Amino acid sequence: MSDPFVTGPGLPRLLAIMARLRDPEKGCPWDVEQTFATIAPYTLEEAHEVADAIAREDWDDLRGELGDLLLQTVFHARMAEERGLFDFEAVAAGIADKMIARHPHVFGDESRDKSAEQQTADWEKIKAAERAGRAQAGVLDGVALGLPALTRAVKLQKRAARVGFDWPGTAEVLDKIVEEARELVEARDELTAEETFEEFGDLLFVIANLGRHLQVDPEAALRAANAKFTRRFERIEALLAEDGRRPEDSNLEEMDALWDRAKAEERS
């Protein structure tokens, strides 16, 4: 007789494994102790690792990271089932229903002859109707608190822009960035640490708005900048290692020159 935890179709097998892990008598003590709140940070972490694998174009790693992310859904669904809230089947059915409802041009009678921009606009109209049905009357209702801060800033700004609360172009946003930078310098020099914190947040918020106006995803842009910084600093380390040295054996002037060399090598 085959062991359902070893053989069988992938998804039913995964659901059975999670049920066993959460079994109070036969399961894993760590898994049994977890709650929605304790698992949520892992869910966010796994989503970021999926994005990282895509950015690196590591498709083997992506397969594994998608599995890790799927496990998070299975974990949450299992905990919900134990509390009588819903189960994995309800999660899958819910997203299937949502996809059908949000694509009337594919599953309904609407024409498919529309641009990607028009489809995006239609998608937002459908989402707005869904929020109204859930009694979410406020323009900003439903923008998840758990999103990365830059991503949430852009979503908040997009919602506000749909009702006309937006600058007309990038020139006005750039002017606001200058204003916020000036206020940050003033806070640094004359105000409290708390006020400096607030002004720094205001500056980041406006920079996210500039990205939106430029049609640049600030979260993706910052990830790319992080990757570039890592790549170039690692080149500095490699160049210093040729002389048997480490960064702490160097100084800012030398490392800055090596940074310029690393940048020139990339451009060539």
Side-chain angles (χ1 to χ4, degrees), residues 44-45 47-58 62 65 102-103 105 113-128 130-131 136 138-188 195-235 256 259-260 262-268:
L44 292 173
E45 179 181 337
H48 287 301
E49 290 182 359
V50 166
D52 178 69
I54 292 170
R56 292 183 286 105
E57 298 187 355
D58 188 334
L62 176 61
E65 296 299 347
R102 291 187 180 180
H103 293 82
H105 58 297
D113 186 18
K114 62 174 70 177
S115 66
E117 291 77 12
Q118 183 59 50
Q119 170 54 24
T120 299
D122 291 348
W123 177 279
E124 292 298 334
K125 289 179 182 177
I126 293 171
K127 288 174 64 177
E130 291 173 356
R131 288 194 297 272
Q136 292 181 343
V139 172
L140 305 182
D141 286 353
V143 180
L145 288 170
L147 288 170
L150 286 174
T151 298
R152 188 165 192 266
V154 171
K155 286 185 175 290
L156 291 170
Q157 293 158 4
K158 284 182 177 179
R159 289 280 189 89
R162 288 207 296 268
V163 296
F165 191 70
D166 193 16
W167 284 295
T170 56
E172 292 80 5
V173 184
L174 287 166
D175 288 342
K176 188 64 175 178
I177 288 175
V178 172
E179 177 187 329
E180 293 294 349
R182 189 181 302 115
E183 290 179 1
L184 177 58
V185 171
E186 178 184 345
R188 180 202 63 184
E195 289 167 313
T196 302
F197 175 89
E198 181 179 346
E199 294 298 341
F200 183 71
D202 290 345
L203 179 59
L204 286 177
F205 191 83
V206 181
I207 288 174
N209 208 343
L210 177 62
R212 182 177 65 86
H213 276 267
L214 294 172
Q215 297 185 345
V216 170
D217 178 354
E219 195 75 35
L222 185 55
R223 282 199 301 269
N226 288 340
K228 179 169 62 178
F229 179 86
T230 300
R231 187 173 62 248
R232 291 179 180 175
F233 192 82
E234 287 175 346
R235 180 58 177 153
D256 194 42
W259 175 276
D260 290 339
K263 182 165 62 174
E265 289 174 352
E266 287 185 357
R267 291 177 174 174
S268 65

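Starting from 1, each residue takes its place in the sequence as its number. The shown structure was predicted, so the numbers you read here are calculated from the model rather than taken from an experiment.
Listed by chain and residue number, Phe229 satisfy the ring-ring contact (aromatic ring centres under 6.0 Å, His included) test with Trp259 (two or more places apart in sequence, or in another chain). Contacts of Ile54 classified as side-chain contact (heavy atoms from CB on, under 4.5 Å), with partners at least two apart in sequence or in another chain: Val50, Leu62. Glu198 is linked by a side-chain contact (heavy atoms from CB on, under 4.5 Å) to Asp202, counting only residues two or more places apart in sequence or in another chain. Here His105 pairs with His103 under the ring-ring contact (aromatic ring centres under 6.0 Å, His included) rule; sequence neighbours left out. Shown here are the side-chain contact (heavy atoms from CB on, under 4.5 Å) partners of Ala161, two or more places apart in sequence or in another chain: Asp166, Arg212. Residues that satisfy the salt bridge (Lys or Arg N to Asp or Glu O under 4.0 Å) test with Glu265, not counting sequence neighbours, are Arg235, Arg261. Checked against side-chain contact (heavy atoms from CB on, under 4.5 Å), Leu156 has the following partners two or more places apart in sequence or in another chain: Leu140, Val143, Arg152. Under the side chain to side chain donor-acceptor pair (under 3.5 Å) criterion, Asn226 pairs with no residue at all, not counting sequence neighbours. With sequence neighbours excluded, the residues that form a side chain to side chain donor-acceptor pair (under 3.5 Å) with Arg56 are Asp52, Asp58, Asp61.
Contact of the Thr196 side chain with the Phe200 side chain is not registered, since no non-hydrogen atoms from C-beta on lie closer than 4.5 Å. The side-chain heavy atoms of Ile207 and Pro218, taken from C-beta on, include no pair separated by under 4.5 Å.
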(request) Determine, step by step, whether Glu199 and Glu195 satisfy the side-chain contact (heavy atoms from CB on, under 4.5 Å) criterion, reporting the C-alpha distance in whole Å, the side-chain angles of both residues, the deciding distance to 0.1 Å, and the verdict. (result) CA-CA 6 Å; Glu199 294 298 341; Glu195 289 167 313; 5.5 Å; no

(request) Show your reasoning for whether side-chain contact (heavy atoms from CB on, under 4.5 Å) applies to Val139 and Phe165. (result) CA-CA 11 Å; Val139 172; Phe165 191 70; over 6 Å; no

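Taking 4.0 Å as the cut-off between side-chain N and carboxylate O, Lys228 and Glu266 do not count as a salt-bridged pair.
No donor-acceptor pair under 3.5 Å is formed between the side chain of Gln157 and the backbone N or O of Val206.
Nearest heavy atom pair, residue His213 against residue Pro168, reads CE1-C, 4.4 Å. For Pro148 against Glu219, the heavy-atom pair with the smallest separation is CB-OE1, 3.5 Å.
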Show me the donor-acceptor pairs within less than 3.5 Å that the side chains of residues 170-187 make with the rest of the protein, sequence neighbours left out.
unit_1 : atom_1 : unit_2 : atom_2 : d
Glu172 : OE1    : Gly169 : N      : 3.2
Lys176 : NZ     : Glu179 : OE2    : 3.0

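Taken from CD in Glu45 to CD in Glu65, the straight-line distance is 9.0 Å, to the nearest 0.5 Å.
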